[in-house]
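We count residues from 1, following the sequence as given. Counting convention: from 1, in listed order, for ligands and their atoms alike. Any value given below was found using the heavy atoms of this structure, including those in side chains, with hydrogens, waters and symmetry copies removed.
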Amino acid sequence: MTERVLKGLSLSPGEAFGEVVWLDRDGDAALEEEGGGDPLEALRLAFSRVDEDLSRREGKAEGAGKELLQAYREILKDPSWRGAMEEKIREGKSPRNAVEEVTNHFKEVFLALEDPYFRERARDVEELGQKLLEALSGKVPGPERDLSGKVVAARHLRASQVASWKPGEVKAVLWKEGNATAHVAILLQSLGIPAVGGLGDALETVAEGETVLVEADLGRVTAGLSEEALRAREGTGKGRRAKEREGASAGAPFPARTRDGKRVEVAANLAHPGEAPRARELGAEGVGLFRTEFLFMDRETPPSEEEQALAYRQVVEAMAPYRVIFRTLDAGGDKPLSYVEFPKEENPFLGYRGLRVSLKERELFRTQLRAILRAGKGHHVGIMFPMVVAGEELQAAKEVLEEVLRELGEEKPLRLEVGIMVETPAAALLAEELADQVDFFSIGTNDLTQYTLAVDRGSTWVSSLYDPYHPAVLRLIQMTIEGAHKKGRWVGACGELAGEVLAAPLLLGLGLDEWSMAPQKIPAVKRALSLWTVEEARALAEEALALDSPEKVRRFLEKEARS
Ligand code: PEP
Ligand code: MG
């Protein structure tokens with residue numbers, strides 16, 4: 001077999017090699033292929049895929065979620081529905097068209113009925129029709145396979161799938177789509193799973209069971225390796241990882257200071273409570289962003305107040321006496337939830353997402369706030385709201401928080417700070433006004449970049465245009481920091497840019513007070529900050545912000561970088 005090198009994007013660092021398991025290859029046109037080119041067989045396979053998927057979920061679900069899934073499976077078994085689709089296929093329609101036409105017809109029949117119970121069934125039929133279409137296009141995974149110790153290859157990968165993996169379970173991920181700030185990538189980073197994305201059609205050349213070498217830092221995958229080559233590479237891979245670990249823990253625990261002695265905070269971004277001890281080992285002085293939504297994903301019902309409080313308490317205790325900032329649920333965008341109704345949107349990142357969902361799903365919001373406040377009892381805790389664009393919604397969120405605080409009485413944190421993520425240009429432009437209503441800002445450069453540059457953060461096609469070093473993004477960061485400082489508020493950053501060594505002196509020069517990042521990046525950023533005085537960094541930032549393209553900014557920062 002000849003060696004082949006596939007180039008993609010580095011989504012999550014690390015190296016691994018192992019056997020490939022495809023998550024969703026047998027979908028797509030392959031459903032027809034698998035059915036021997038017979039469209040009736042493809043339809044049968046789609047029905048059985050969806051049924052398997054629902055039954056798997058039903059096994060894990062409880063209460064109302066379980067009942068809903070049982071009801072879906074009953075509808076799926078209704079012979080008139082499937083019979084009508086088979087009829088259309090016999091008339092010459094494709095499986096996709098047959099599913100669409102019959103689903104629409106049944107939906108209309110239900111909607112025309114008086115009884116609200118039946119009208120409600122229209123939504124179920126629509127949902128199931130959508131699932132069948134997804135199965136036909138390969139988006140519903142086949143029977144669950146054992147992924148432990150394997151390199152997982154996928155065409156489509158959702159954050160909810162990855163959320164159920166355990167750290168170390170999967171060796172590496174190869175993904176046809178994606179870029180480094182997609183939530184799937186962020187989750188893979190937090191699980192420590194090396195990943196290469198944006199591999200496109202080249203990924204299709206990798207066979208099930210083939211052994212590959214994944215060099216995720218380089219965005220490189222090598223397939224078709226001989227046994228000897230694999231053994232030789234195993235040695236170097238292990239050596240390098242061990243060296244990285246040593247290097248990482250070496251200067252980590254010292255508090256972050258600039259060369260002229262100014263204290264700055266360097267904290268961790270976490271998504272699971274279990275990551276906290278490692279973050280401390282690597283030198284985290286708190287948690288600047290706890291992405292709570294991962295507790296809410298890959299399940300049929302929301303986590304109870306008790307379940308959430310336990311998870312939040314675990315982080316708070318592991319990080320004490322440092323502060324932990326919890327971001328309230330940031331669902332929507334590329335993180336839908338099965339138990340919250342999301343509209344079908346052309347651009348979900350511009351739609352029903354973040355605080356917009358919390359303000360509508362009030363009980364979900366209140367339960368989460370209660371859990372955070374209770375978990376923070378006796379400790380220093382921050383709460384921040386995602387996707388804010390105006391003062392009214394922030395005000396509305398704070399009113400709910402105040403109500404909950406009144407209900408809880410003494411059961412609340414020793415110290416509570418309330419803030420927002422600044423991740424829309426609107427929030428950055430209104431920084432000075434919004435600062436009146438909060439204790440702090442945390443700049444979400446991942447979303448701020450996508451919204452400022454009109455570049456979808458998850459898209460492979462436009463990933464070359466996605467650049468947080470774009471002067472427009474940098475000027476919004478500057479405006480945010482200046483607006484907050486005028487009102488005496490502190491500002492952090494928790495997007496991927498905050499974890500970049502290249503950006504450290506630039507953000508210091510812009511006046512940033514706190515950096516929050518994936519734990520493994522902490523030692524290098526602390527070191528980078530220690531090489532600059534505040535004055536030097538200010539001069540650097542001033543020059544960088546006068547440039548007119550991201551390339552020029554990067555080149556300039558690379559030229560000035562210190563090591
Ligand atoms: C961001 O947008 O920069 C951020 C930190 O939030 P998330 O990546 O979870 O959207
Ligand atoms: Mg964001």
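- For ligand 1, the atoms lying closer than 4.0 Å to a non-hydrogen atom of Leu289 are 5 (C).
- Salt-bridge annotation for Glu307 and Arg299: present, with a side-chain N of the basic residue lying under 4.0 Å from a carboxylate O of the acidic one.
- Salt-bridge check for Glu496 with Lys521: passed, with a basic side-chain N closer than 4.0 Å to an acidic carboxylate O.
- Taking every heavy atom of Gly444 and a limit of under 4.0 angstrom, the matching atoms of ligand 1 come to 1 (C), 2 (O), 3 (O).
- By the neighbour-count criterion of 12 heavy atoms within 6.0 Å, atom NZ of Lys487 is densely surrounded, having more than that number from other residues, nucleotides or ligands.
- The existence of a salt bridge linking Glu306 and Arg313 is excluded, since no basic side-chain nitrogen approaches an acidic carboxylate oxygen closer than 4.0 Å.
- Under a 4.0 Å criterion applied to the non-hydrogen atoms of Cys494, ligand 1 contributes the atoms 5 (C).
- Looking at Asp447 and the Mg ion (ligand 2) together, the shortest N, O or S contact belongs to OD2.
- Taking the Mg ion (ligand 2) as reference, Glu423 places its N/O/S atom OE1 nearest.
- Salt bridge absent: Glu345 and Arg353 never bring a charged side-chain N and a carboxylate O closer than 4.0 Å.
- The shortest heavy-atom distance from Met421 to ligand 1 is under 4.0 Å.
- Heavy atoms of Arg353 come nearer than 4.0 angstrom to ligand 1 in at least one pair.
- A salt bridge links Arg263 to Glu285: one of the charged nitrogens lies within less than 4.0 Å of a carboxylate oxygen.
- Contacts with ligand 1 closer than 4.0 Å are made by side-chain heavy atoms of Ile186 only, the backbone lying farther away.
- Evaluated by nearest non-hydrogen atom to atom 5 (C) of ligand 1, the leading choice among Glu423, Glu496, Arg291, His183 is Arg291.
- Salt-bridge check for Lys335 with Asp330: passed, with a basic side-chain N closer than 4.0 Å to an acidic carboxylate O.
- Annotation: atom 6 (O) of ligand 1 to nearest protein heavy atom, Arg327 NH1, 2.9 Å.
- In this structure, Tyr312 and Phe326 have tilted ring planes: the angle between them lies in the 30° to 60° band.
- For the Mg ion (ligand 2), the set of nearby N, O or S atoms under 2.8 Å includes none belonging to Asp330.
- Given atom 8 (O) of ligand 1, the protein heavy atom at minimum distance is Arg457 NH2, 2.7 Å.
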